[in-house]
A.B. asks: 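Could you have a look at this structure, given as structure tokens, before my questions?
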Amino acid sequence: MAKPLIRSIKGTHDILPDQSWRWQQIENTVRDFMRRFGYREIRTPVFERTELFARGVGQETDIVSKEMYSFVDKSGNNLTLKPEVTASVIRAYLQHNLGRQSPMTKLYYLDRAFRQERPQAGRYRQHHQFGVEAIGSPHPETDAEVISIAYGILKELGLSELELRLNSIGSQNSRTNYRRALKAFLKPHLPKLTETSRRRFDTNPLRILDTKVPHEIEILKDAPILTDYLTPEDAEHFEAVKTLLQTLGIPFVLDSSLVRGLDYYTRTTFEITSSGLGAQNALCGGGRYDNLVETLGGKQTPAIGFAAGMERVLLALESDTDKTPPETIDLYFVCLDEYARPTVMKLTNKLRSLGFSVETDLLRRSLKAQLREANRLHARMALIVGETEFQNQTVQVKDLTTAEQKSVNWDSLVDYISRLNFNSE
RNA sequence: GUGGGCGUAGCUCAGUUGGUUAGAGCAUCUGGUUGUGGCCCAGAAGGUCGUGGGUUCAAAUCCCAUCGCUCACCCCA
């Protein structure tokens, strides 16, 4: 009767020491990139009032209507593990009046999101994202800056085979025009459409463009194109974004079917995909959301942002290269004598406080076992204290690459080690 | 929610048409003379063959169920 093991929740994963160094690498790159672009970190709680997402992301979206982890707490509050982070960031922006401090607010985050979908390659129930929100400017330079951050980070992380897909879904007026045209076009085809598409015909016809059903894609080939229905202002904005991207040397392809599943988007939408990622090939998605701040109770404030999926970045990187972690330590302190242990601990901590990475044996194992361990950890030097050394107050310092060994007094050990140059590999 | 594939040691996998003590490599541990790592050699430890039923003299192997993992649809990071 073995006790049943408790496993991690489906669609969630432990990040073990073998992998965590990769995550740190990405996080460091992101943070440094954001610093250079002048974005400051914001951290928001893992859960929020359910209403925030219902209002912000949109009641009709799949995310809100069927994928959220929602629950009622002991006080009767309706709460939800955040399924995306933009709504939380804007909530915080409004709650703390960040817009009053300066007319332009540039924020970034490293966070997690939760959605109860069926897991598959590149899609998990808990996933990690990094992203930015640039709040306050309606101008195309902001769009270009945000896109260039997304593109730049992915490039800097070492990804190739990237494709930036770009579209404009226009403002409210453009979409009203287009919706009318699209519905007129689709009406005669209605009987041939799938049930979901027929439902969307009434609730959200633009989402029909997202279909992956072959015969629907065929029908939609002749559908009116949204960018043809943009108001002059929206068209001008879109042109400016494209020109800026060209100036910045960022290649893109136009994709008029790029609608995206969150209701708050306006004007510019974009996605960066990576080939060789399987079905979930979007590394990053984002766009402008000029009405969200107002929807959440603030005054009309234009904004744009993106979110990138860290798990997918990792997947894409692995198919690119497979580097091994650069794990190595400076010193391994071998102790063979029971009475010497306190002294060895003291010297070890002394060296650690000076910045050296030092390991010691915690299992009271044999000399042979300890040296084997030192070797496995790729220690540069082994320090050995046995009965003789303890009595003489010395340490054997052994270079593990050359096997040379030297006796050094306790008093001069720190000096001796400090003089060694560990940094020249 | 719908479909496909897969579940044998920590990891990667063998396992003949059901047949007796279920194997290998890597990793781990201990030794190869008394206090010196890597390479090599020897040995050890580690598995209720995902779980539960069924068929059979006999099941890792066949059947059913269940759970888990995985991929795709859908959706999106």
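Below, read A as the first sequence line, B as the second, and so on, with proteins coming before strands; counting in each chain starts at 1.
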A.B. asks: Hey, does His378(A) reach any base, or is it just sugar-phosphate, or nothing, if we go heavy atoms under 4.0 Å?
C.D. replies: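 Contact class for His378(A): none.
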
A.B. asks: Please report, rounded to the nearest Å, how far the P atom of rG32(B) is from the CG atom of Leu371(A).
C.D. replies: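 From Leu371(A) CG to rG32(B) P: 14 Å.
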
A.B. asks: Base, sugar-phosphate, or nothing for Gly122(A), non-hydrogen atoms under 4.0 angstrom?
C.D. replies: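 Base contact.
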
A.B. asks: If you assign Glu117(A) and Ser8(A) each to the RNA chain B nucleotide with the nearest heavy atom, which residue ends up on the more 5' nucleotide?
C.D. replies: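 Result of the comparison: Ser8(A).
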
A.B. asks: How close or far is atom P of rC75(B) from atom CG of Asp263(A), stated in whole angstroms?
C.D. replies: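 After rounding, the reported distance stands at 14 Å.
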
A.B. asks: Lys368(A) has a side chain; which of rG32(B), rU36(B), rC29(B) sits nearest to it?
C.D. replies: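 The answer is rG32(B).
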
A.B. asks: Across the strands shown, which category fits Ala374(A) at heavy-atom distances under 4.0 angstrom: base, sugar-phosphate, nothing?
C.D. replies: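 No contact.
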
A.B. asks: One thing to verify: whether Glu41(A) and Arg43(A) come together as a salt bridge, which I'm taking to mean a side-chain N less than 4.0 angstrom from a carboxylate O.
C.D. replies: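 Glu41(A) and Arg43(A): salt-bridged.
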
A.B. asks: Measure CZ/Arg125(A) against P/rC74(B) and give the value in whole Å, please.
C.D. replies: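 Interatomic distance, CZ of Arg125(A) to P of rC74(B): 18 Å.
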
A.B. asks: Distance between the C1' atoms of rU8(B) and rC13(B), in whole angstroms?
C.D. replies: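 My reading of the C1' atoms in rU8(B) and rC13(B) gives 9 Å.
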
A.B. asks: With a non-hydrogen cut-off below 4.0 angstrom, is Gln405(A) in contact with a base, only sugar-phosphate, or nothing?
C.D. replies: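 Base contact - Gln405(A) has a heavy atom under 4.0 Å of at least one base atom.
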
A.B. asks: Side chain of Arg372(A) only, heavy atoms from C-beta on: which candidate in rG38(B), rG35(B), rC76(B) is closest?
C.D. replies: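 Of the options given, the side chain of Arg372(A) lies nearest rG38(B).
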
A.B. asks: For Asn409(A) and Asn392(A), which heavy atoms make the closest approach, and how far apart are they?
C.D. replies: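 Answer, listing the atom of Asn409(A) first, then Asn392(A): OD1-O, 4.5 Å.
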
A.B. asks: With heavy atoms under 4.0 Å as the rule, sort Glu389(A) into base, sugar-phosphate or nothing.
C.D. replies: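 The residue Glu389(A) makes base contact.
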
A.B. asks: Please work out if Lys10(A) contacts a base, only the sugar-phosphate, or nothing of the nucleic acid, heavy-atom cut-off 4.0 Å.
C.D. replies: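 Here Lys10(A) touches the backbone only, sparing every base.
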
A.B. asks: Tell me which nucleotide among rG68(B), rU70(B), rG35(B) gets nearest to the side chain of His13(A).
C.D. replies: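 That would be rU70(B).
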
A.B. asks: Describe the nucleic acid contact of Glu387(A) in one word from base, sugar-phosphate, nothing, applying a heavy-atom distance below 4.0 Å.
C.D. replies: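 Answer is base: heavy atoms of Glu387(A) come under 4.0 Å of a base.
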
A.B. asks: In whole angstroms, how far is the P atom of rG1(B) from the CZ atom of Arg123(A)?
C.D. replies: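 The distance from CZ of Arg123(A) to P of rG1(B) comes to 13 Å, rounded to the nearest Å.
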
A.B. asks: Testing the 3.5 Å rule here: is there a donor-acceptor pair between the side chains of Tyr229(A) and Arg179(A)?
C.D. replies: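 Side chains of Tyr229(A) and Arg179(A): no pair found under 3.5 Å.
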
A.B. asks: Atom CE of Met68(A) to atom P of rC75(B): distance rounded to whole Å?
C.D. replies: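 From Met68(A) CE to rC75(B) P: 18 Å.
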
A.B. asks: Show me the dot-bracket string of RNA chain B, counting Watson-Crick or G-U pairs under 3.5 Å, with | for pairs to another strand and [ ] for crossing ones.
C.D. replies: (((((((..((((.....[...)))).(((((.......))))).....(((((..]....))))))))))))....

A.B. asks: Measuring from the side chain of Gln120(A) (C-beta onward, heavy atoms only), which nucleotide among rC76(B), rC71(B), rG35(B) has the closest atom?
C.D. replies: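 Nearest nucleotide to the side chain: rC71(B).
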
A.B. asks: Should the pair Asp143(A)-Arg267(A) be classified as a salt bridge under the 4.0 Å nitrogen-to-oxygen rule?
C.D. replies: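 Between Arg267(A) and Asp143(A) there is no salt bridge, as every charged N stays at least 4.0 Å from the carboxylate O atoms.
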
A.B. asks: Say we look at rG54(B) and rG15(B): how far apart would their C1' atoms be, to the nearest angstrom?
C.D. replies: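 rG54(B) and rG15(B) have their C1' atoms separated by 24 Å.
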
A.B. asks: What interatomic distance, in whole Å, is found between C1' of rG7(B) and the corresponding atom of rA14(B)?
C.D. replies: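 Approximately 16 Å lies between the C1' atom of rA14(B) and that of rG7(B).
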
A.B. asks: With rounding to the closest Å, how many angstrom separate the P atoms on rU30(B) and rA22(B)?
C.D. replies: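 Result for the P pair: 28 Å, nearest Å.
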
A.B. asks: Would you say the side chains of Arg352(A) and Asn349(A) form a donor-acceptor pair under 3.5 Å?
C.D. replies: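 The answer is yes; a qualifying pair exists.
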
A.B. asks: Just the rounded figure in Å: distance from C1' of rC29(B) to CZ of Arg365(A).
C.D. replies: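 Going from CZ in Arg365(A) over to C1' in rC29(B) covers 8 Å.
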
A.B. asks: Does the side chain of Asp330(A) pick up a donor-acceptor pair with the side chain of Ser357(A) at under 3.5 Å?
C.D. replies: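 Yes, a side-chain donor-acceptor pair sits under 3.5 Å.
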
A.B. asks: If we take the C1' atom in both rU28(B) and rU20(B), what is their distance in whole Å?
C.D. replies: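 Nearest-Å result for rU28(B) against rU20(B) at atom C1': 31 Å.
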
A.B. asks: Taking the six-membered ring where the residue is Trp, are the ring centres of His189(A) and Phe185(A) under 6.0 Å apart?
C.D. replies: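 For His189(A) and Phe185(A), the ring centres are under 6.0 Å apart.
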
A.B. asks: Kindly point out which of rU30(B), rC76(B), rG38(B) is positioned nearest to the side chain of Ala369(A)?
C.D. replies: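 Between rU30(B), rC76(B), rG38(B), the one nearest the side chain of Ala369(A) would be rU30(B).
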
A.B. asks: NA contact type, Ala403(A), heavy-atom cut-off 4.0 Å: base, sugar-phosphate, or nothing?
C.D. replies: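 Touches a base.
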
A.B. asks: If you look at every strand shown and take non-hydrogen atoms under 4.0 Å, does Tyr124(A) touch a base, only sugar-phosphate, or nothing?
C.D. replies: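 Base contact.
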
A.B. asks: So, Gln59(A) side chain and Val64(A) main chain: donor-acceptor pair closer than 3.5 Å or not?
C.D. replies: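 Not a single qualifying donor-acceptor pair exists.
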
A.B. asks: Measure from the side-chain heavy atoms of Arg118(A) and tell me the nearest of rU28(B), rG35(B), rC73(B).
C.D. replies: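 Of rU28(B), rG35(B), rC73(B), rC73(B) is nearest to the side chain of Arg118(A).
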
A.B. asks: Is there a donor-acceptor contact under 3.5 Å linking the side chains of Asp263(A) and Thr61(A)?
C.D. replies: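 Checked: Asp263(A)/Thr61(A) side chains show no N/O donor-acceptor pair below 3.5 Å.
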
A.B. asks: Distance between the C1' atoms of rU55(B) and rA65(B), in whole angstroms?
C.D. replies: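 After rounding to an integer number of Å, I get 15 Å for this pair.
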
A.B. asks: State which of rU36(B), rC75(B), rU28(B) makes the closest approach to the side chain of Gln280(A).
C.D. replies: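 Shortest atom-to-atom distance from the side chain points to rC75(B).
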
A.B. asks: Please measure how far the C1' atom in rC73(B) lies from the corresponding atom in rU16(B), and state the result in whole Å.
C.D. replies: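 Roughly 39 Å separates the two C1' atoms.
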
A.B. asks: If only side-chain N and O atoms count, and only distance matters, is there a donor-acceptor pair under 3.5 Å linking Ser275(A) with Glu163(A)?
C.D. replies: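 No donor-acceptor contact under 3.5 Å links the two side chains.
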
A.B. asks: Report the distance from atom CG of Asn375(A) to atom P of rG38(B), rounded to the nearest whole Å.
C.D. replies: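 Rounded to whole Å, this separation is 7 Å.
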
A.B. asks: Within the structure shown, what part of the strands sits under 4.0 Å from Leu283(A) by heavy-atom distance: base, sugar-phosphate, or nothing?
C.D. replies: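 Sugar-phosphate, no base atom in range.
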
A.B. asks: Could you check how far CD1 of Ile9(A) sits from P of rC67(B), rounded to whole Å?
C.D. replies: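 Rounded to whole Å, this separation is 16 Å.
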
A.B. asks: Using the side-chain heavy atoms of Ile63(A), tell me which of these nucleotides is nearest: rC76(B), rU36(B), rC29(B).
C.D. replies: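 My answer, after comparing the listed nucleotides, is rC76(B).
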
A.B. asks: Quick one: is Arg376(A) getting a side-chain N or O under 4.0 Å of the rA27(B) phosphate, OP1 or OP2?
C.D. replies: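 Indeed not, no polar side-chain atom of Arg376(A) lies that close.
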
A.B. asks: With rounding to the closest Å, how many angstrom separate the P atoms on rG4(B) and rU66(B)?
C.D. replies: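 Comparing P positions in rG4(B) and rU66(B) gives a spacing of 14 Å.
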
